[in-house]
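What you see is a predicted model; the values in this text were computed from it and never measured.
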Amino acid sequence: MFSLYIARRYLFSRKSHHTINIISTISVCGVALATMALVVTLSVFNGFRDTVASFFTAFDPELKVTLSEGKLLAADDPDLARLRHYDGIQVYTEVLEDQALIVGKERQWVITVKGVEDNFQQQSDITGILYGDGEFILHADVLDYGIMGIRLAQQLGLGTRYEGGLPIYAPRRGERVNMANPMQSFNHDELYSPGVVFAVNQPAYDAHYILTPISFARRLFDRQGMVSAVELRLKDGVSVRRAKADLRALLGDRFRVQDRYEQQEDTFRIMQIEKLIAYLFLSFILLVASLNIIGSLSMLMIDKKADVATLRALGANNRQISQIFLLEGWLISGFGAAVGILLGLLLCWLQMQFGIIKLGTSEGSFIIDAYPVSVRATDILLIFLTVLLTGILAVWLPVRRMTRDLLRE
């Protein structure tokens, strides 16, 4: 406590040479600016991550259950029967997904047919990403409807509504292609337009997916009574993390239970790596800025030679005197960290409220107009600890050496 009290007095007291105050202020400002940059940069990466996640929310389920090995299983599998009885599930949707060939007005295209149950509209937020003057409907009487991605419709030369049936082809199971009459080796069916298309704003979906009734998919792929996945929507208030852990324990290693981030693991892993690289780069800049503290402390030691002699005469030992200047360096780092975090949070708030920094020169150039920002408490804590650790690394050895030289005089 004695060393901390003296270090705190040195930090805020007026020095005999005005230059020392200026150097100390520069040290605090350097640490504060680097800290502010860390807060803003990591928050922007969080904002982009949340923005991308919002695109998938309307299409990807809260939890998706698939086989760990293999592709298909029976819809009446005993493990799935236990899954149905889990108390936290609000909507249980069977899915059969596979590739097929679609023939449009202008060209043919290999697509992914995603057959879903009628409750898919309750399981997802698909209605929020539909475009067109029709409605979301999977079948009516003997007609099966197909809701395709907006880019797929463009590639096929179609609009939100197309006339007549749209041919869909899938290879027959266990048959070789008959070169004399190749079409005999394919199952053929037709889909009709409900007058809408969906736009997830992700090419993986918008350019390749078409939603159909699961009965159509089973007929097309000769997979009666089979599913490739089960998609789940949880009841309000049920934690996704807790439900995922419960279902993994319930189903065992035979199944994979994935949340939305795990379903798009490659996309979010790349964003996480980019965020890590930015953090390491800015932490290095922070370390360089912290080296200014050494200059400030060396000037302070010269200025306080008389005080050191007085403290030793009053009974202070060498360890206590060394701690005074070490704590002085850490206080400068801590004060700079606090100022930088507050400034960073202020800039993030201004960006969230007013969108000061734009992504493009004109509105509509991008999906969002301004840089997104999302502040995480864990990031703020990490930044504060990083600044303190960097301050320790920057001043520990130099201050101990300078203090030892000072005490020898």
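Taking a cutoff of 4.0 Å between a charged side-chain nitrogen and a carboxylate oxygen, Arg218 and Glu94 qualify as a salt bridge. The residues Asp60 and Lys64 are annotated as not salt-bridged, no charged nitrogen and carboxylate oxygen being separated by less than 4.0 angstrom. Between Asp79 and Arg84 no salt bridge is recorded (no basic side-chain N to carboxylate O distance below 4.0 Å). In this structure, Arg219 pairs ionically with Asp144, as a charged nitrogen and a carboxylate oxygen lie closer than 4.0 Å.
Between Pro194 and the options Thr160, Leu138, Ile147, Leu211, a side-chain contact (heavy atoms from CB on, under 4.5 Å) holds for only Ile147.
In terms of modelled atom types and a separation under 3.5 Å, the side chain of Ser228 and the main chain of Val95 share a donor-acceptor contact.
The CG atom of Asp98 sits 11.5 Å away from atom CE of Met226, with the distance rounded to the nearest 0.5 Å.
Heavy atoms from other residues, nucleotides or ligands lying under 6.0 Å from CD of Gln353 number more than 12. Heavy atoms of other residues, nucleotides or ligands lying less than 6.0 angstrom from CZ of Arg376 number more than 12.
Within the 6.0 Å centre-distance limit, the rings of Phe268 and Tyr261 are counted as a close aromatic pair.
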Next item on the list: Let me see the working for Asn187 and Asp222 under side chain to side chain donor-acceptor pair (under 3.5 Å), right down to the final yes or no.
Entry: CA-CA 8 Å; Asn187 290 328; Asp222 287 332; 3.0 Å; yes
Item checked: Verdict with supporting geometry, Tyr279 and Thr386, side chain to side chain donor-acceptor pair (under 3.5 Å) -> CA-CA 10 Å; Tyr279 165 75; Thr386 299; 2.7 Å; yes
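Side-chain N/O atoms of Glu231 and Gln123 include a donor and acceptor closer than 3.5 Å. Using a 3.5 Å distance cut-off with no hydrogens or angles, the side chains of Thr112 and Tyr205 do not pair a donor with an acceptor. Looking at Asp379 and Asn46, their side chains do bring a donor and an acceptor atom within 3.5 Å of each other.
The shortest non-hydrogen separation linking Leu234 to Gln90 is O-OE1, 3.4 Å.
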